[in-house]
Amino acid sequence: MGRFRYPQPPAWEITPRPVFEGRRRLLQVAAALGVTLALPRRAPAAVGEGPLAGVPRGPYATDEALTARELVTGYNNFYEFGTGKDDPARHAHTLRPRPWRVRIDGAVRDPLEIDVDSLLRPAGLEERVYRLRCVEGWSMVVPWIGLPLARVLRRVEPLGSARFVEFTTLHDPEQMPGQARDVLPWPYVEALRLDEAMHPLTLLAVGVYGDLLPNQNGAPLRLVVPWKYGFKSIKSIVRIRFTETRPRTTWNQVAPREYGFYANVNPHVDHPRWSQARERRLGEGLFAARRPTLMFNGYAEQVAGLYAGMDLRREY
Ligand code: MTE
């Protein structure tokens, strides 16, 4: 039994709690973000019917077919809620994504601790339709909504000595029951080199399919780094820290041979236990031909320059 931190409003007894909370949250957040529901849409605009459906579509969109919403929000990796693909959708209702504070600190001139909606309000959200390639060998095409991470990072004025940016997920076994188990060292931590973090493809996502992020997708705030394996795209972030040395990251720490720090999608560098040359696009059926995996997940034109001169077989 969870311990309630505040009394339950009677409304919850009439309206099922998830419905009630979902509806209230959507309206509150739409208001907080200054999204006007009745605005005429600029085309092309974010797909879906939710409060974020009208935001403009940003650059880099792939024109591949979107993966069905039921798969994007129903087939997840989020070990804080269990290791099965349907565990996050079934169990993540215990996460309370608002109110939510985010700390941005470390090697910066102007550290910040701020409510997630205040962080986003002046930002100008956009839709980014990106491929997502999981290290396990499956992929999706996802209509994220968010803002370039660089815009948030510039606000705190990184010092010249900053070289990396570290991201940390909430650590609260009460909200994230999977953290009571020893499957990973908690909290989940990821990191990028500063130039990767500042790259215009790198997104801080707050929504998907025109709605706020469902809890199972990493509400209220998650990273999306489309040219890297999905485990770099850390969910439910509470802290962003600039560092001078390379941070220790969760999967790299657990199994460094299997999960490199860079984790760039690369069909030529196999996982020790399976080939990375091909991938299964979710929704295409178990018997559909597997697709060839693309270098940098198809974003080589944008990001290959970040790795010029590096031996990607060694620094994977
Ligand atoms: N972030 C946290 N905190 N915990 C996780 O278990 N899983 C990662 C990543 N971010 C994970 C996480 C992995 S392996 C993938 S493939 C993506 O989230 C999946 O994102 P999605 O469920 O939104 O598709």
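For ligands, and for the atoms within them, numbers begin at 1 and follow the listed sequence.
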Report summary line: the protein heavy atom lying closest to atom 14 (S) of ligand 1 turns out to be N77 ND2, 3.5 Å

Query raised in the report: For ligand 1, which atoms have a heavy atom of T169 less than 4.0 angstrom away?
Result: 3 (N)

Report task. Starting from atom 20 (O) of ligand 1, find the nearest protein heavy-atom neighbour and note its residue, name and distance. Result -> R222 NH2, 3.1 Å

Requested in this report: Would you check if the distance from the ring center of F296 to the ring center of Y307 is below 6.0 Å?
Outcome: yes

Report task. For ligand 1, note which part of E80 has a heavy atom under 4.0 Å away: side chain, backbone, both or neither. Result -> side chain

Report task. Describe, in one word, how the ring planes of Y130 and Y299 are oriented to each other, choosing from parallel (under 30°), tilted (30 to 60°) and perpendicular (over 60°). Result -> perpendicular

Query raised in the report: If we only count N/O pairs under 3.5 Å, is K235 in contact with ligand 1?
Result: yes

Query raised in the report: What protein heavy atom is closest to atom 17 (C) of ligand 1, reported as residue, atom name and distance in Å?
Result: G230 O, 3.5 Å

Requested in this report: Distance to 0.1 Å, residue and atom name: give those for the protein heavy atom nearest to atom 16 (S) of ligand 1.
Outcome: C134 SG, 3.5 Å

Query raised in the report: What's the verdict on ring pair (Phe, Tyr, Trp, His ring centres under 6.0 Å) for Y188 and H171, showing C-alpha distance, side-chain angles and the deciding distance?
Result: CA-CA 8 Å; Y188 197 101; H171 191 192; over 10 Å; no

Report summary line: Minimal heavy-atom distance between V72 and N217, with the atoms involved, is O-ND2, 3.0 Å

Report task. State whether the side chain of D270 and the backbone N or O of P272 hold a donor-acceptor pair below 3.5 Å, judged by distance alone. Result -> no

Report summary line: For atom 24 (O) of ligand 1, the closest protein heavy atom turns out to be L132 CD2, 3.5 Å

Requested in this report: Would you mind telling me if ligand 1 is within reach of the side chain of Y188, the backbone, both or neither, using heavy atoms under 4.0 Å?
Outcome: side chain

**Report entry** Proximal atoms of ligand 1 relative to F78 (non-hydrogen, under 4.0 Å)
**Finding:** 2 (C), 3 (N), 4 (N), 5 (C), 6 (O)

Query raised in the report: Does the side chain of E258 pick up a donor-acceptor pair with the side chain of H271 at under 3.5 Å?
Result: yes

Query raised in the report: For ligand 1, is any non-hydrogen atom under 4.0 Å from V72's backbone (N, CA, C, O), its side chain (CB onward), both, or neither?
Result: neither

Query raised in the report: Just checking, any donor-acceptor pair under 3.5 angstrom between side chains of S139 and R131?
Result: no

Query raised in the report: Under 4.0 angstrom from ligand 1, any heavy atom of K232?
Result: no

Requested in this report: Examine ligand 1 and decide if any of its atoms is less than 4.0 Å from a heavy atom belonging to S233.
Outcome: yes

Requested in this report: Considering the heavy atoms of Y79, write down every atom of ligand 1 situated less than 4.0 Å from one of them.
Outcome: 5 (C), 6 (O)

Query raised in the report: Just checking, any donor-acceptor pair under 3.5 angstrom between side chains of T94 and Q175?
Result: no

Query raised in the report: Could you state the interatomic distance from NZ (K232) to OG1 (T202), rounded to the nearest 0.5 Å?
Result: 11.0 Å

